[in-house]
Protein chains: 2
Amino acid sequence: MNTCAPRPIVVAQAASASHCANCDARHRSVCNAISTDDLERLAASAIPKVFAKGQLFIEEGEKAGDFFNVTRGTAKLYKMLPDGRQQITGFASAGHFLGLAVSDTYAFSAEAIEPVELCRFSRSKLRVLLDDFPALEKRLLQTACNELVAAQEQMLLLGRKTARERLASFLSTRIAEAAACGEHGSTISLPMTRAEIADYLGLTIETVSRTFTRFKAEGKITLPSRDEVQICDLDWLNGVASGQDHHAFA
Amino acid sequence: MNTCAPRPIVVAQAASASHCANCDARHRSVCNAISTDDLERLAASAIPKVFAKGQLFIEEGEKAGDFFNVTRGTAKLYKMLPDGRQQITGFASAGHFLGLAVSDTYAFSAEAIEPVELCRFSRSKLRVLLDDFPALEKRLLQTACNELVAAQEQMLLLGRKTARERLASFLSTRIAEAAACGEHGSTISLPMTRAEIADYLGLTIETVSRTFTRFKAEGKITLPSRDEVQICDLDWLNGVASGQDHHAFA
DNA sequence: CGCACACTTGAACCCCCTCAACCCAAGTGG
DNA sequence: CCACTTGGGTTGAGGGGGTTCAAGTGTGCG
């Protein structure tokens, strides 16, 4: 169900019947479970949509009428406590499927942290698609399992890792994800702010900033710009991320 | 796939062909996706097994050859860091399906914290079952989604809640689960030790103990025995669990 | 240029952790 | 029957990692 409007962006109704066929994100998403011949069917159910930075498109507790598949940009998924404390449970970028839930209300909120393109599926249309394409359902199950594994890893991070280990894990994961997408450089771009990193890692913005500074002072990273990090010592980073030498310095 | 040996326990090969039909946990588990007529097929693939308290039956990193469905008792699922720090990601009791993973190695370990009965499925046999019973796959997807929602809730707890809120959330969830199983009392039994509660909530054993003591001193709970908690003020508990009055006392 | 916003840095504090002692109930064996 | 052990739990004192509060430093953009 990963469908994306061809660039330059064309609005929903005007989209070509085969917008799924031209989708950059298709091969990364659950939509690759649909054969090329059936893409028309898929495209007919998927409504492309665009959200600007800062726009909320899923709100925790609201009626869960739609599913989404991100095709471009990044969104943050988060839960909040009544007094404003926020926990980001993940960042969704191209290929990410959102809204998987049995309950009839969303369990989390989603907000674009940079311009986001995505495809919207109504609950009912998705159900029909799932019935017609069993492979799609298999693929969704796979996706859900992968997210479950990631969630468990994040629980380990939040429950037991130090601030240094958390940030190292974060950077390490981002490097690995970039590599999985074919980008093998040692520099990562961070579309999210320090505050969002903090809310993702269960820390405060100040601790994130200080930890970045310390890594830099130790010569393990450089910060070419606000939203870029260059990793100088990847082995060291992975070591810290995996929790080796909890109480060693240097 | 929830199958359980009729009590008294009968060992695998000797199990009746319809052990699934007599399984207490069937209606709570994914096995309820299989019609009564097809239970024989299910029972043929499910191998009942028993583990004593303390036995490890899934080891993180090992080859993931089997899936399990708990039919009795409780197991802890956890991940560990090289220096021994442990994070329990969940407790699996009757009806819980284990091993969902795309990767070919387990992402977590599982250990019985009280005597556990479960059914084992080989990867290959489960695949055949899934192909033959699409409803089973649908059910598994549902289960995975529910666990994902629970995992997100746990991330909020680990990342943003105080020790008081964590313990309150833990007790609140346990009360709700008991109610969902038809037990509507105000007393919960805790099969796990304080250390396991701590490893689940991202705290230390001392903090868990102290927080229990404080709740008791405030008259919100009583501790009839080591492994029982009686909730005196459920509304208060749910309020603390949901993070209201972060900085209020009383 | 100057405002707004994101980020950094510093100092004081506090919640929870660490370390250590102690309690208590259930075995175990002489 | 009681001394001893063992494992889980509680309680206390002190310390530290991260938070809180507050000020300062860029930096992009109208």
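These figures come from a predicted structure and were not determined experimentally. Just so it is clear: chains get the letters A, B, ... in the order the sequence lines come, proteins before strands, and each one is counted from 1.
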Let me know the distance between [atom1] of [X] and [atom2] of [N], rounded to the nearest Å.
X      : N      : atom1 : atom2 : answer
B:I113 : D:dG8  : CD1   : C1'   : 14 Å
A:L201 : D:dG17 : CG    : P     : 19 Å
B:F212 : D:dG8  : CZ    : C1'   : 13 Å
B:I205 : D:dG8  : CD1   : P     : 9 Å
A:L167 : D:dG17 : CG    : C1'   : 15 Å
B:F215 : D:dT11 : CZ    : P     : 15 Å
A:R166 : D:dG17 : CZ    : C1'   : 11 Å
A:I197 : C:dA6  : CD1   : P     : 13 Å

Protein proximity profile, nucleotides 25-30 of chain D - base contact B, sugar-phosphate-only contact S, no contact -, cut-off 4.0 Å on heavy atoms: -BS---

Treat primed atoms plus P, OP1 and OP2 as sugar-phosphate and everything else as base, then score nucleotides 10-19 of chain C 5' to 3': B for base contact with protein heavy atoms under 4.0 Å, S for sugar-phosphate contact only, - for none. BB----SSBB

Going by an N to O cut-off under 4.0 Å, is there a salt bridge joining A:E114 and A:R72?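 Not counted as a salt bridge, because no side-chain N and carboxylate O are separated by less than 4.0 Å.
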
Donor-acceptor pair, B:T207 side chain versus B:L203 backbone, under 3.5 Å? no

Take A:Q87 and B:L158 through the side-chain contact (heavy atoms from CB on, under 4.5 Å) test and state the conclusion after the steps. CA-CA 9 Å; A:Q87 178 64 41; B:L158 292 170; over 6 Å; no

What about the rings of A:F68 and A:F57, do their centers lie closer together than 6.0 Å? yes

I want to know whether B:F108 and B:Y78 have ring centres closer than 6.0 Å.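 Ring-ring flag for B:F108/B:Y78: false, centres at least 6.0 Å apart.
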
Please state whether the rings of B:W236 and B:F215 are parallel, tilted or perpendicular, taking 30° and 60° as the class boundaries.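 Perpendicular.
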
Do you know the tightest heavy-atom contact between A:R174 and A:P191?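 Looking at all heavy atoms of both residues, the shortest contact is NH1-CD, 3.8 Å.
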
CG on A:L201 to CD1 on A:I88, rounded to 0.5 Å: 9.0 Å

A:T213 side-chain N/O to C:dT9 phosphate OP1/OP2 under 4.0 Å: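 For C:dT9, OP1 or OP2 has a side-chain N or O of A:T213 closer than 4.0 Å.
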
Residue pair A:Q230, A:T187: steps toward the side chain to side chain donor-acceptor pair (under 3.5 Å) verdict: CA-CA 4 Å; A:Q230 187 195 2; A:T187 301; 4.7 Å; no

